[in-house]
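The structure under discussion appears below in the form of structure tokens.
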Amino acid sequence: PAYIGNDNVPYNRLGAALGGMKLSDVREIHLQQALNAVSGMSESTINTYYQTMFKLFDKARKNKLILDNPAEGLILPNGTKGSHRALERWESDCIMQNWDKHRAGLWAMLMMLCGLRRGELIALDWDCIDMKAHTLTVRQVAVIKSNQVTIEQRAKSIAGIRTIPICQPLYEALNSVPLNMRTGYVCTSADGDLLTEAAFSRGWNGFNLAMQRILNGEDVQQTGRRINVEKKIEQAQREGKNYILFKVRAHDLRHTFATALYDAGTPVKAAQYYLGHADVRMTMDLYTHLSTERERAARSQLVTFLDGWLQAPNDIPKP
């Protein structure tokens, strides 16, 4: 019920495509044609549509309305890649070194080092954290609608319920919270209340601004007349410097965690578990994408090295 607003879209789309057919008459080819019709949309939209198909017909199969699930084995059409990215090393280093300079720094550490979604972060309770075992368990989610937040004792999907190891930097960040404050929600608003969408947005924008000021040698807390970023950039250019911008979206940190899993050689099935993906194909697609990126980067590094090597002065000693 919490996701009914979003769920209506793929179900309505499927109803428009196949609504006049009986369940028992639907074949794989019908679903493939319906899936192909959304080719070119975002990969997230396509995957959600496929998941809707699969769940619907799997439910029908379990209720013995059909013998087999015709959604098994469908081929997902090409879609557009999302704009989320993994952080560059200087960005993640900035967070690791300065997370304690802003109240949303702990949010950043949890998303970057545990791969939490925003809804999972908001719903995270101290009871879900075992400091002795160095583990964090995701078992509830915040559902946001019209800036109203409801905490539900479940994950985004069954696969979303998972236990994630806490690395040492995150342990130290969590351990910095006084014992008497380790009750209720881990991440709260400035007033100590449950985070709403607006409160999260304000906190996250403030964190980005704090990191940006640190990178440019400014005080995190500024008083007096504010100077906008455009003027700061112009002033830095006049002085022959670069004004560093820090623009990180919350979901970029989850993508950074996924990239770390790949770089660590984590098997796909294990990565699927840690990321809470309902479908292993989501994890495999991500791994394939990262593999392509790494191959492209390695090829570029090789070409750059060879170009420099071939253009180097001839130092061969003469006889």
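- Judged by distance alone, the side chains of Gln235 and Lys232 never bring a donor and an acceptor atom under 3.5 Å apart.
- Neither Leu106 nor Leu179 shares a network with the other; the hydrophobic side chains, linked directly or stepwise wherever heavy atoms of I, L, V, M, F, W or Y lie under 4.5 Å apart, form separate groups for each.
- Placement of Leu67 and Val26 in two distinct hydrophobic clusters is found when ILVMFWY residues are connected by side-chain heavy-atom separations under 4.5 Å, directly or transitively.
- Salt bridge annotation for Arg61-Asp58: present, with a cationic side-chain nitrogen under 4.0 angstrom from a carboxylate oxygen.
- One finds the CG atom of Leu113 at 4.0 Å from the SG atom of Cys167 (value rounded to the nearest 0.5 Å).
- The backbone N or O of Ala173 sits less than 3.5 Å from a side-chain atom of Ser176, completing a donor-acceptor pair.
- His102 contributes a side-chain N or O that, together with a main-chain N or O of Ala104, makes up a donor-acceptor pair within less than 3.5 Å.
- With hydrogens and angles ignored, the 3.5 Å screen pairs no side-chain donor or acceptor of Ser291 with any backbone N or O of Tyr287.
- Rounding to the nearest 0.5 Å gives a distance of 12.5 Å between CZ of Arg27 and CG of Leu18.
- Look at Arg117 and Glu120 and you find a salt bridge, because one of the NZ, NE, NH1 or NH2 atoms lies within 4.0 Å of a carboxylate O, short of that distance.
- With rounding to the nearest 0.5 Å, the separation of CE in Met53 from CG in Leu74 is 6.5 Å.
- The aromatic rings of Trp204 and Phe200 sit parallel to each other, their planes meeting at less than 30°, with 60° as the upper class boundary.
- Expressed to the nearest 0.5 Å, how far NZ of Lys22 lies from CD1 of Ile66 amounts to 14.5 Å.
- The shortest non-hydrogen separation linking Thr283 to His277 is OG1-ND1, 2.8 Å.
- Under the 4.5 Å side-chain criterion, counting only non-hydrogen atoms from C-beta, Thr137 is not in contact with Ile164.
- Met211 is listed as a side-chain neighbour of Cys94, based on a closest heavy-atom distance under 4.5 Å.
- Under the 4.5 Å side-chain heavy-atom criterion for grouping Ile, Leu, Val, Met, Phe, Trp and Tyr, Leu194 is connected to Trp107 within one hydrophobic cluster.
- Remark: the backbone N or O of Phe54 is paired with a side-chain donor or acceptor of Asn69 at under 3.5 angstrom.
- With rounding to the nearest 0.5 Å, the separation of CG in Asp279 from CG in Leu76 is 8.0 Å.
- Closest approach of Cys187 to Leu195, counting heavy atoms only: O-CD1, 3.7 Å.
- Annotation: side chain of Arg13 is in contact with side chain of Tyr49 (closest heavy-atom distance under 4.5 Å).
- Ala17 and Ala34 make their closest contact through CB-CB, 4.1 Å (heavy atoms, listed as atom of the first residue, atom of the second, distance).
- Residue Ile75 qualifies as open at atom CD1: its count of foreign heavy atoms under 6.0 Å is 12 or below.
- When side chains are defined from C-beta on, Tyr273 does not count as touching Pro267, because their heavy atoms never get closer than 4.5 Å.
- Taken together through direct or relayed side-chain contacts under 4.5 Å among Ile, Leu, Val, Met, Phe, Trp and Tyr, Leu215 and Val229 form parts of separate hydrophobic clusters.
- Using a distance-only test at 3.5 Å, with no hydrogens or angles considered, a donor-acceptor pair links the side chain of Ser189 to the main chain of Asp193.
- Here the closest heavy-atom approach between residue Arg103 and residue Thr188 is recorded as NH1-O, 3.6 Å.
- Without hydrogens or angle criteria, Thr288 side chain to Met284 main chain gives a donor-acceptor distance under 3.5 Å.
- Between Val143 and Val149, every side-chain heavy-atom pair lies at or beyond the 4.5 Å cut-off.
- Under the 4.0 Å criterion applied to side-chain N and carboxylate O atoms, Arg85 and Glu91 are assigned as salt-bridge partners.
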Check the pair Ile46 / Asn78 against side-chain contact (heavy atoms from CB on, under 4.5 Å), numbers first and verdict last. CA-CA 9 Å; Ile46 293 172; Asn78 292 327; over 6 Å; no
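- One finds the CE atom of Met111 at 8.0 Å from the CG atom of Leu116 (value rounded to the nearest 0.5 Å).
- The 12-atom threshold is exceeded at CG of Asn63, counting heavy atoms of other residues, nucleotides or ligands nearer than 6.0 Å.
- Cation-pi geometry between Arg162 and Tyr274 is not satisfied (NZ or CZ under 6.0 Å from the ring centre, within 45° of the ring normal).
- Here the side chain of Thr266 pairs a donor or acceptor atom with the backbone of Leu261 at under 3.5 angstrom.
- Contact annotation: the side chain of Met96 approaches that of Met112 to within less than 4.5 Å [non-hydrogen atoms, C-beta and beyond].
- With hydrogens and angles left out, the side-chain atoms of Thr163 and Thr135 include no donor and acceptor closer than 3.5 Å.
- Ring geometry, Phe246 versus Phe207: the interplanar angle exceeds 60°, so the pair is classed perpendicular (tilted spans 30 to 60°).
- Between Cys114 and Leu136, the shortest heavy-atom distance links the atoms SG-CD1, 4.2 Å.
- Looking at heavy atoms from C-beta onward, His255 lies in side-chain contact with Thr259 at the 4.5 angstrom threshold.
- Hydrophobic cluster membership is shared by Tyr11 and Leu65, with clusters built from Ile, Leu, Val, Met, Phe, Trp and Tyr side chains linked at under 4.5 angstrom.
- Using a 4.0 Å cut-off between charged nitrogen and carboxylate oxygen, Arg249 and Asp252 count as a salt-bridge pair.
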Assess whether ring-ring contact (aromatic ring centres under 6.0 Å, His included) is satisfied between Trp126 and Tyr185, documenting all intermediate values. CA-CA 6 Å; Trp126 277 103; Tyr185 298 112; over 10 Å; no
Quick one: do Ile122 and Thr196 satisfy side-chain contact (heavy atoms from CB on, under 4.5 Å)? Show the steps, please. CA-CA 8 Å; Ile122 293 174; Thr196 62; over 6 Å; no
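- A donor-acceptor pair shorter than 3.5 Å cannot be found between the side chains of Asp125 and Gln140.
- Heavy-atom contacts from other residues, nucleotides or ligands closer than 6.0 Å to CE of Met181 number 12 or fewer.
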Derivation and outcome, side-chain contact (heavy atoms from CB on, under 4.5 Å), residues Val9 and Thr52: CA-CA 10 Å; Val9 176; Thr52 298; over 6 Å; no
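- Put simply, the side chain of Leu31 reaches to within 4.5 Å of the side chain of Phe57, judged on heavy atoms.
- For Lys101, the NZ atom is densely surrounded, since the number of other residues' heavy atoms within 6.0 Å is greater than 12.
- No donor-acceptor distance shorter than 3.5 angstrom exists from the side chain of Asn175 to the backbone of Tyr171, with no hydrogens or angles considered.
- Closest approach of Ala142 and Ala123 over heavy atoms only: N-CB, 3.5 Å.
- No side-chain N or O of Gln32 forms a donor-acceptor pair with one of Glu28 less than 3.5 Å apart.
- A distance-only check finds a donor-acceptor pair linking the side chain of Asn208 to the backbone of Val248 [under 3.5 Å].
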Please step through side-chain contact (heavy atoms from CB on, under 4.5 Å) for the pair Leu253 and Ile95, ending with a clear verdict. CA-CA 10 Å; Leu253 299 177; Ile95 292 174; 3.9 Å; yes
